[in-house]
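For the single chain, residues carry numbers from 1 onward in sequence order. Atoms within each ligand, like the ligands themselves, are counted from 1 in listed order.
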Amino acid sequence: MLHHVNRLGGIHIEQLKKIWEWIGVNEVQMRHVLREPPGIGQVEVRMEAIGICGTDLHLMSGHAQFSSPPLPLGHELAGSIVRIGKQSDGWSIGDRVCIDPLIGCGSCPQCRSGNKHRCPTAGEIGLHYPGGWQQYFTVPASNLYALPDSVSFEEASQAETLHCCLGGIDKLSIQLGMHAVVMGDGPTGLYYVQLLKAAGVRCVTLVGMQEARLELGRSLGADYCVNLKTVDADLLPLMNTQDIAIDAAGTEQSLRSSIELLKIGGQLLLFGLPGKPIMVDIQAVVMKELKLLGSTNAPHVWPRVIDMLASHTVNVKPLLTHHYPFDQMNEALDYARLPSNQAIKIIVTNN
Ligand SMILES: [Zn+2]
Ligand SMILES: [Zn+2]
């Protein structure tokens with residue numbers, strides 16, 4: 001790539017990069033822009049793998065308050081370092097990395113105590129700031145984590161999603177032999193199944209709506225799977241039996257079922273975002289003395305996530321079902337938006 005000597009309007013092509021920008025409701029456009037040299041404390045990363053996330057689609061639909069076009073999205077990111085700015089010690093050109101997209105102010109009490117996700121001014125690359133839908137992406141070096149050779153770029157793109165899930169697991173009090181139910185058969189639900197089994201939960205039930213995803217969940221460790229589209233009566237015998245419920249779907253139905261399935265004193269991890277106020281039976285929460293736990297990001301768990309990827313404690317590969325080259329980002333997003341799409345996780349790779 002760097003050896004091309006073509007000219008475009010008098011500018012050497014190696015000074016330019018392609019970026020995909022979200023430009024309006026469900027619309028993206030590719031542009032050539034100048035590559036900016038990394039500033040103090042920054043590095044330039046050649047993007048090798050970008051995960052397409054439900055959040056990207058949500059932003060593109062124009063329903064999120066905090067983002068507005070034009071903006072390159074993309075927050076599930078892995079690549080290799082191509083240029084290093086001043087005061088970015090400890091990194092070398094060619095280092096393989098994944099990117100923590102969260103940026104805090106760095107000086108408030110939350111940031112200083114390792115909780116930058118709770119910083120009042122925290123923002124995220126690809127949501128509030130320009131994201132990684134770029135061939136070359138300049139980011140703060142302090143947001144990078146080094147990848148072992150055994151972790152592919154595509155797998156590493158999932159570290160961001162996994163780190164949110166692991167943050168949730170950390171908030172639960174898990175004991176060997178417990179029973180847990182995971183509501184939602186999307187990528188986060190499938191990661192939660194694996195994390196719960198790794199944490200010693202005896203019986204994990206995965207509840208979803210797509211047979212292929214539930215089948216995959218079974219192969220990744222789920223003991224029981226319930227397809228709400230076909231046999232929602234299967235949940236009845238599980239009422240009041242679960243120690244843990246993880247709501248990775250964030251719908252009124254998933255939350256209602258979670259409360260019903262939990263036993264007295266059970267723990268409910270709220271992870272999926274409903275996006276609007278929903279009705280919940282708070283009386284049942286009180287009477288069953290449930291513990292409600294909300295969870296978002298978890299900056300301190302990244303090193304453990306990478307260790308779990310390297311050791312295959314969590315198996316990411318089977319979730320990466322669809323692959324597109326960078327130049328076809330628009331087609332990847334079109335496919336992701338199709339209600340009938342068969343993708344679990346779409347990965348966009350360097351051409
Ligand atoms: Zn995401
Ligand atoms: Zn802060």
Note to self: Only N/O/S atoms count here: what is the atom of Glu76 closest to the Zn ion (ligand 1) called?
What the structure shows: OE2
Next item on the list: Determine, for Asp170 against Arg304, whether the closest basic-nitrogen to carboxylate-oxygen distance falls under 4.0 angstrom.
Entry: yes
Item checked: Plane angle bin for Tyr324 and Tyr335 - parallel if under 30°, tilted between 30 and 60°, otherwise perpendicular -> tilted
Check: Hey, which protein N/O/S atoms does the Zn ion (ligand 2) have under 2.8 Å?
Finding: Cys105 SG, Cys108 SG, Cys111 SG, Cys119 SG
Next item on the list: Give a yes or no on this: more than 12 heavy atoms of other residues, nucleotides or ligands lie within 6.0 Å of atom CD of Glu36.
Entry: yes
Margin query: Quick test of your reading of the model: are Asp281 and Arg256 salt-bridged, counting only N-O distances below 4.0 Å?
Written below: no
Notebook entry, point to check: Under a 4.0 Å N-O cut-off, is there an ion pair linking Glu211 with Arg213?
Noted result: no
Notebook entry, point to check: N/O/S atom of His75 under 2.8 Å from the Zn ion (ligand 1), yes or no?
Noted result: yes
Next item on the list: Taking the side chain as every heavy atom from C-beta outward, state whether Ile244 and Met178 have any atom pair closer than 4.5 Å.
Entry: yes
Do any side-chain atoms of residues 216-223 form donor-acceptor pairs under 3.5 angstrom with protein atoms, and if so which ones, sequence neighbours left out?
{"residue": "Arg218", "atom": "NH1", "partner": "Glu215", "partner atom": "OE1", "Å": "3.0"}
{"residue": "Ser219", "atom": "OG", "partner": "Leu216", "partner atom": "O", "Å": "2.8"}
{"residue": "Asp223", "atom": "OD1", "partner": "Lys197", "partner atom": "NZ", "Å": "3.4"}
{"residue": "Asp223", "atom": "OD2", "partner": "Lys197", "partner atom": "NZ", "Å": "2.9"}
{"residue": "Asp223", "atom": "OD2", "partner": "Val204", "partner atom": "N", "Å": "2.7"}

